[in-house]
Amino acid sequence: QVQLVESGGGLVQAGGSLRLSCTATGSIFGFNVMGWFRQGPGKPRELVATMSSGGRENYADSVKGRFTISRDNRKNTVFLQMNSLKPEDTAVYYCNAQLSRDWWGQGTQVIVSS
């Protein structure tokens, strides 16, 4: 079994920062792509950022310049450094990992107050 466990969400004032972490455990120890999606209240799920095993990064336009994704392949861990947070970033953030199929974490809540 594969399980993704996220942490690092919470309450933060606009302009502040948070760092999300996601670690994959189980019988699979490598993934082609790992990344983050989010779903705000009343909004569809959207891609935030992804990184391939080789380090190629992809970001949603709305977070470019503010969010940074990083990855530790040996530990099957992916991070999301979120700076200059805006109220529009309020959402449940889900970790995603891809290897023949998609694996999802349980989500971690991020609330940004104005």
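When a residue number appears, it is its place in the shown sequence, counting from 1. As the structure is a computational prediction, the values presented were derived from the model and not from experiment.
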**side chain to side chain contact (heavy atoms under 4.5 Å, CB included) between Gln3 and Val5, intermediate numbers included** = CA-CA 6 Å; Gln3 185 174 7; Val5 180; 4.1 Å; yes
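No side-chain donor-acceptor contact under 3.5 Å links Thr50 to the backbone of Met34. The main-chain N or O of Ser53 is found under 3.5 Å from a side-chain atom of Asn73 such that the two form a donor-acceptor pair.
With sequence neighbours excluded, the residues satisfying side-chain hydrogen bond (donor to acceptor under 3.5 Å, both in side chains) with Gln98 are Asn96. Residues meeting the salt bridge (Lys or Arg N to Asp or Glu O under 4.0 Å) test with Lys75, sequence neighbours left out: none. Every residue two or more places apart in sequence or in another chain that forms a side-chain hydrogen bond (donor to acceptor under 3.5 Å, both in side chains) with Glu57 is listed here: Tyr59. Remark: Thr23 engages Thr77 in a side-chain hydrogen bond (donor to acceptor under 3.5 Å, both in side chains) (not counting sequence neighbours).
The distance between the ring centers of Phe37 and Trp104 falls below 6.0 angstrom.
The side-chain hydrogen bond (donor to acceptor under 3.5 Å, both in side chains) analysis of residues 105-114, with sequence neighbours excluded, yields the pairs Glu6-Gln106. Within the structure, disulfide (SG to SG under 2.5 Å) pairs that include any residue of residues 72-114 comprise Cys22-Cys95 (at least two apart or interchain). Listed by first and then second residue, the ring-ring contact (aromatic ring centres under 6.0 Å, His included) pairs that reach into residues 69-95 come to none, sequence neighbours excluded. Every pair tested for disulfide (SG to SG under 2.5 Å) that includes a residue from residues 34-69 fails, sequence neighbours excluded, so the list is empty. Sorted by first and then second residue, the salt bridge (charged side-chain N to carboxylate O under 4.0 Å, His left out) pairs involving residues 98-114 (not counting sequence neighbours) form an empty list. Every pair passing salt bridge (charged side-chain N to carboxylate O under 4.0 Å, His left out) that includes a residue from residues 40-54 is listed here, sequence neighbours excluded: Arg38-Glu46.
Going from atom CG of Asp89 over to atom OG of Ser62 covers 7.0 Å, rounded to the nearest 0.5 Å. Rounded to the nearest 0.5 Å, atoms CE (Met82) and CH2 (Trp36) are 8.0 Å apart. Met51 CE to Thr68 OG1: the interatomic distance, rounded to the nearest 0.5 Å, is 9.0 Å.
Through direct or indirect side-chain contacts shorter than 4.5 Å among Ile, Leu, Val, Met, Phe, Trp and Tyr, Val33 is connected to no other residue.
Taking all atoms of both residues into account, the shortest heavy-atom contact from Leu47 to Ala60 is O-CB, 3.3 Å.
Ile69 and Leu99 fall within the same hydrophobic cluster, defined by Ile, Leu, Val, Met, Phe, Trp and Tyr side-chain heavy atoms under 4.5 Å apart, directly or through other members.
Comment: Lys64 engages Asp61 in a salt bridge, judged by a side-chain N to carboxylate O separation of less than 4.0 angstrom.
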Residues 10-20 side chain polar contacts: donor-acceptor under 3.5 Å, at least two apart:
from  : atom 1 : to    : atom 2 : distance (Å)
Ser17 : OG     : Asn83 : OD1    : 2.9

